[in-house]
> 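One structure, as structure tokens, below. Some questions next.
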Amino acid sequence: MVCVEDACDSNPTAMVEAVFRRIHHERMAGLPICNSALSVAALGFQRWQGDWVGALVAPWTINLLMLPGGGAFRALSVGQTQDWAFPSGDYTFMGSREPGLGAYQFCSLFSPVNHFADQAEAEAVADAALVGLLTAPPEATPPPVDRRAFLRTALGRRASA
Amino acid sequence: MFRRAPAGGVKKTNEGDTPMTDTFYEVLRRQGITRRSFLKFCSLTATSLGLGSAFAPKIAHALETKPRTPVIWLHGLECTCCSESFIRSAHPLTKDVVLSMLSLDYDDTLMAAAGHQAEAILEEVKRKYKGNYILAVEGNPPLNEDGMFCIQSGRPFIEKLKETAADCKAIISWGSCASWGCVQAAKPNPTRATPVHKVIFDKPIIKVPGCPPIAEVMTAVVTYMLTFDKLPELDRQGRPKMFYGQRIHDKCYRRPHFDAGQFVEEWDDDQARMGYCLYKMGCKGPTTYNACSTVRWNDGVSFPIQSGHGCIGCSEDGFWDKGSFYDRVTDIKQFGVEANADKVGGTAAAVVGASVAAHAAVTALARARQKTGIDTPKGED
């Protein structure tokens with residue numbers, strides 16, 4: 001995994017998992033806010049407009065994650081945010097930085113995650129969220145113009161006529 | 001301090017006619033508010049309701065054409081912090097509009113009248129606007145000893161509350177007292193202080209919890225109800241979704257530290273100075289539904305976590321009986337997370353259907369997109 005100036009040139013899944021596993025074992029160890037049925041998993045990382053987007057399942061949170069890949073990603077400090085226009089709508093991501101990962105941004109989906117029964121459930125929801133994020137909602141297409149109905153109205157005739 | 005419209009704002013009509021009331025806009029102009037300021041208020045309200053600027057003309061139109069709705073504001077067992085919050089709404093025009101124009105006809109703390117005169121106004125509003133006024137309740141009625149622990153106008157508050165509620169259109173339960181009971185209902189609750197929805201059953205009730213609720217949330221809720229003539233969308237607990245749909249934790253500016261496992265370990269340590277997450281110091285942000293981390297307080301200047309103290313969860317039911325403010329959130333379930341729409345599987349069933357997962361995901365995405373109130377990160381490091 002090579003990151004040049006914080007921009008990942010290849011899929012960052014392994015790197016994300018390594019960093020958050022370390023956080024899990026070192027800093028989050030034994031905290032009751034962690035769901036012991038869950039473990040760290042980075043899911044579905046893919047390029048999106050030059051940068052990387054994916055989902056993170058951890059025993060204390062499920063987030064959407066963005067990492068720099070050469071797109072519009074800005075390295076932000078804690079407290080700063082960046083707005084992203086995904087096909088499903090506009091999302092505000094928070095900035096953060098972590099040794100071994102560099103600058104990253106996240107958008108919280110669930111935290112705490114104690115109500116997830118197991119890892120499969122959490123990953124299913126995270127996967128579905130990523131699909132939902134990148135899918136445009138179906139547009140409400142107006143019904144095609146009915147020529148007959150149009151003329152009826154235009155000529156002031158009753159529909160039953 | 002506050003300009004008030006004459007009680008009722010009723011135009012003189014022939015005896016027996018239905019009273020003709022002014023529109024909000026008419027009263028507003030009479031008070032010397034310019035049209036420009038009025039439109040500014042409309043756009044501010046649209047934004048704080050999360051409706052987007054496209055809704056501003058709709059709000060303006062409603063305020064221009066609809067007769068103003070009187071609001072009766074009763075006080076039970078409470079500390080008046082809700083009123084204190086309400087009159088400090090960030091936008092100067094908000095308090096002008098809401099206090100003066102939206103016909104806050106009876107509020108024993110804010111009104112100039114007192115004694116028999118005040119009670120006469122209450123009777124007049126109840127009579128003239130039967131079935132059409134909004135009842136805002138701050139505090140709650142104590143039921144023990146036949147309600148003797150809160151006496152107003154020489155009789156128990158519970159009687160006044162029930163009588164006034166009988167002819168109202170809807171009830172706003174201001175603050176945690178009216179919504180949940182709050183500290184006066186703390187075990188063993190000697191006065192049997194009881195939230196409004198447990199004594200009034202036949203009216204729509206909207207809960208705006210918090211101790212106190214955020215001023216902008218209060219004015220936005222009132223304005224929404226007066227503008228659209230309906231309650232905003234409520235969650236299962238009866239709170240407006242637009243302001244209580246997210247946890248403090250979801251949009252907390254210290255959230256990146258939580259996710260990275262960076263916590264304050266004791267007060268005034270280096271991590272505290274670096275603004276790390278306050279979860280280990282008892283912050284209830286992960287289990288508290290409110291808009292403090294987005295709308296913030298005092299014109300968006302700050303909120304408790306930004307000031308270095310954890311959230312005490314003052315808008316959650318039973319927060320006063322759930323141990324110390326400094327105890328860590330351990331039993332997540334007791335704080336009501338399970339009662340929220342986040343619930344995924346429902347049971348410990350191992351397999352979750354794809355449609356259930358998709359639904360949970362869509363709900364989470366919608367919540368993530370939601371922009372509550374005016375995010376003004378002023379005063380931030």
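Per chain, numbering begins at 1; letters A, B, ... match sequence-line order. In this text, all values refer to a predicted model and were calculated from it rather than measured experimentally.
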> Looking at V19(A), I23(A), T92(A), which makes the most heavy-atom pairs under 4.5 Å with chain B?
I23(A)
> If you compare all heavy atoms of A357(B) against all heavy atoms of A128(A), which two are closest, and at what distance to 0.1 Å?
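Shortest heavy-atom contact: O-CB, 4.0 Å.
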> Any idea which heavy atoms bring C252(B) and M94(A) closest together, and the distance?
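Heavy atoms of C252(B) and M94(A) come nearest at O-CE, 3.0 Å.
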> May I ask you to list the residues in residues 261-270 of chain B that approach chain A closer than 4.5 angstrom, counting heavy atoms only, ordered by number?
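Within residues 261-270 of chain B, the residues under 4.5 Å from chain A are G261(B), Q262(B), F263(B).
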> Should L64(A) and L365(B) be marked as a side chain to side chain contact (heavy atoms under 4.5 Å, CB included) after you check the CA-CA gap, both sets of side-chain angles, and the distance that decides it?
CA-CA 10 Å; L64(A) 296 169; L365(B) 287 171; 4.0 Å; yes
> Taking every heavy-atom pair that is under 4.5 Å apart, which of S88(A), S77(A), A37(A), A122(A) has the most such pairs with chain B?
S88(A)
> For chain B, which candidate among M28(A), Q105(A), E26(A) shows the most heavy-atom pairs at distances under 4.5 Å?
M28(A)
> Of the non-hydrogen atoms in C107(A) and A368(B), which two are nearest, and what is the gap between them?
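Smallest heavy-atom distance, with atoms named: SG-CB, 3.7 Å.
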> I would like to know whether H257(B) and V78(A) meet side chain to side chain contact (heavy atoms under 4.5 Å, CB included); could you show each step before the answer?
CA-CA 8 Å; H257(B) 291 304; V78(A) 169; 3.6 Å; yes
> Work out which heavy atom in P256(B) is nearest to a heavy atom in G95(A); give both atom names and the distance.
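Between these two residues, the closest heavy atoms are CG-O, 3.5 Å.
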> Can you name the closest pair of heavy atoms from D250(B) and S111(A) and give their distance?
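Heavy atoms only, the tightest pair is OD1-O, 4.2 Å.
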> Does NZ or CZ of R255(B) fall inside the cone over F106(A)'s six-membered ring, less than 6.0 Å from its centre and within 45° of the axis?
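Not satisfied by the 6.0 Å and 45° rule.
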> Between L31(A) and Y279(B), which heavy-atom pair has the shortest distance, and what is it?
CD1-CE2, 4.1 Å
